[in-house]
Amino acid sequence: MERKTSQIQPPTYGDLITVLSIDGGGIRGIIPATILSFLESQLQELDGSDARLADYFDVMAGTSTGGLVTAMLTAPDENNRPLYAAKDITPFYLEHCPKIFPQKSGLFAPIRNIVQTLIGSKYDGKYLHEVVKEKLKDTRLSNTITNVVIPTFDIKKLQPTIFSTYETKRAACYDAKLSDICIGTSAAPTYLPAHYFKVEDGKNNVREHHLIDGGVVANNPGLIAISEVSKEIFKNNPDFYPIKPMEYGRFLVISLGTGAAKYEQKYNSSMAAKWGIVEWLLHKGSNPLIEVFTQSSADMVDYHNSVVFQALRSEDSYLRIQEDELSGTEASVDVATKENLERLVEIGENLLKKPLSRVNLETGLSEPIPKGGTNEEALKRFATLLVNERRLRESRSPLIVKKASK
């Protein structure tokens, strides 16, 4: 298969394996979108205005809303360049989130929300389906500018389904439309309906999918992305020769969260001890059960990666940016009012100025790194590393050298 000219050359010609991971979190996807816009601007300062994130990462992974962002940043346009620049993601959210999550108004709105959630999904998902299919059209997973990994959960099989560009190269039945994958990974229980579709491989083989939110599997998909790469190395994918399966020191990972509620601010054991099934699903308009398993999933992946990278003395190659101080409607996944969406933009911008943090392996909590600088400064450093890695690969790649000599 001919490599796209805009695609980063394989790791076999470089020193690193570059990974970008984006958490799930509904409308809070605005927070990592703001961070990504800054990172891409730094790449452009170093490498020209046409630089796009997909040009620098071997793998881009996203769950739920992060899966949608990943698809938008890696789907090709008519010129085989990324469909969206990072700076376009936040305006997309500001325009479409109020229609994806329409807010009921009036005195009895809370009651109507509760009743709707008890009899079906809070939102019908029709607008989400329309806008995703309109933007991504018939683009398939194999068409992406760089490799993509998006987790989902198959409710019929009761097991995860990981959509990976790598798998499409081995079996066409994995080559689903990006629009279907995005709708599936975003189908959060009680918020949006499950999504069904099937994939045919042209040889009368059909693979059915009955999908719900990828956050059920891994709200933070960083570890899944690393695992997919490790599988490729184990299977002797020539793109990774001579890298060994357990050479985690070669990874350069940027992991972006979508924010979490302020510690000890939202719930406590006294409250939860009194809850029945209804309260676990509907406590003051939120869904504690969903919040608990998605946040715990994201934190455990961050903890695991922190342990591995610190144990290998390569902690400077792992960057996790997360806002842990959300309060009120800021922490919601679906309060898509103009005021709340604009507040999330502000939170993302302020997060850039906050101190760089890392998990304390004794407490499990994320703490500022002494003299570590800010998240903004860390992203500038990573942008330089990414540009240098891309240039190194191009200088060593026979494909690039051959083209340059003509």
For this session: Please confirm whether the backbone N or O of P10 pairs with a side-chain atom of D239, one donor and one acceptor, at under 3.5 Å?
Result: no

Problem set entry | Pairing residues for N388 by the side chain to side chain donor-acceptor pair (under 3.5 Å) criterion, not counting sequence neighbours | none

Exercise. Just by distance, with hydrogens left out, do N305 and Y248 show a side-chain donor and acceptor under 3.5 Å apart?
Worked result: no

For this session: Write down the atom of C173, the atom of D201, and the distance for their closest heavy-atom approach.
Result: N-CB, 3.8 Å

Problem set entry | R28 side chain to A331 backbone, donor-acceptor under 3.5 Å | yes

For this session: Verify, without hydrogens or angle tests, whether Q103 (side chain) and F101 (backbone) share a donor-acceptor contact under 3.5 angstrom.
Result: yes

Exercise. With the threshold set at 4.0 Å, does a side-chain nitrogen-carboxylate oxygen contact exist between E315 and R320?
Worked result: no

Exercise. Does D316 pair with R358 as a salt bridge, N-O distance under 4.0 Å?
Worked result: yes

Problem set entry | Qualifying residues under ring-ring contact (aromatic ring centres under 6.0 Å, His included), relative to F240, sequence neighbours excluded | none

Problem set entry | Under 3.5 Å: donor-acceptor pair, side chain of K137, backbone of E134 | yes

For this session: Given salt bridge (charged side-chain N to carboxylate O under 4.0 Å, His left out), test D15 with R396 step by step and report yes or no.
Result: CA-CA 11 Å; D15 293 336; R396 293 175 174 174; 3.5 Å; yes

For this session: Kindly state each residue pair satisfying side-chain hydrogen bond (donor to acceptor under 3.5 Å, both in side chains) with at least one member in residues 35-48, sequence neighbours excluded.
Result: D47-Y56, D47-R391

Exercise. Is the shortest side-chain N to carboxylate O distance from E394 to R390 below 4.0 Å?
Worked result: yes

Exercise. Where the side chain of E247 meets the backbone of G249, is there a donor-acceptor pair that is under 3.5 Å apart?
Worked result: no

Seminar exercise, completed: The reported gap from OG in S21 to CG in L319 (rounded to nearest 0.5 angstrom) is 11.5 Å

Exercise. Would you call Y318 and I254 a side-chain contact if the rule is heavy atoms closer than 4.5 Å?
Worked result: no

For this session: Mind jotting down which residue pairs meet the side-chain hydrogen bond (donor to acceptor under 3.5 Å, both in side chains) criterion with at least one end in residues 375-385? Sequence neighbours excluded, please.
Result: K353-E376

Problem set entry | All pairs passing side-chain hydrogen bond (donor to acceptor under 3.5 Å, both in side chains) where residues 58-67 contributes a residue, at least two apart | T18-D58, D58-R393, S64-D213, T65-Y93

For this session: Say whether, by atom type as modelled, one donor and one acceptor occur between the side chain of N340 and the main chain of V335 under 3.5 angstrom.
Result: yes

Exercise. Looking at residues at least two apart in the chain, or sitting in another chain, which of them share a ring-ring contact (aromatic ring centres under 6.0 Å, His included) with H96?
Worked result: F92, Y127

Exercise. Under 3.5 Å, is there a donor-acceptor pair between the side chain of T74 and the main chain of A54?
Worked result: no

Problem set entry | Partner of K354 under salt bridge (charged side-chain N to carboxylate O under 4.0 Å, His left out), chosen from E325, E323, E349 | E323

Problem set entry | Derivation of the side chain to side chain donor-acceptor pair (under 3.5 Å) call for D334 and Y191 | CA-CA 8 Å; D334 67 327; Y191 288 100; 4.8 Å; no

For this session: Using atom types as modelled and distance alone, determine if a side-chain donor or acceptor of Q322 lies under 3.5 Å from a backbone N or O of D299.
Result: no

For this session: Verify whether one side chain among D23 and T258 offers a donor that lies under 3.5 Å from an acceptor in the other.
Result: no

Exercise. Backbone N or O of T165 within a donor-acceptor pair of the N147 side chain at under 3.5 Å?
Worked result: no

Problem set entry | Electrostatic pair R81:D55 at N-O distance under 4.0 angstrom | yes

Seminar exercise, completed: For L344 and I30 the tightest heavy-atom approach is C-CG2, 3.9 Å

Problem set entry | Side chain S186, main chain C182, donor-acceptor under 3.5 Å | yes

For this session: Report yes if some heavy atom in the side chain of L141 is under 4.5 Å from a heavy atom in the side chain of Y174; otherwise report no.
Result: no

Exercise. Which of parallel (below 30°), tilted (30 to 60°) and perpendicular (above 60°) describes H210 and Y196?
Worked result: tilted

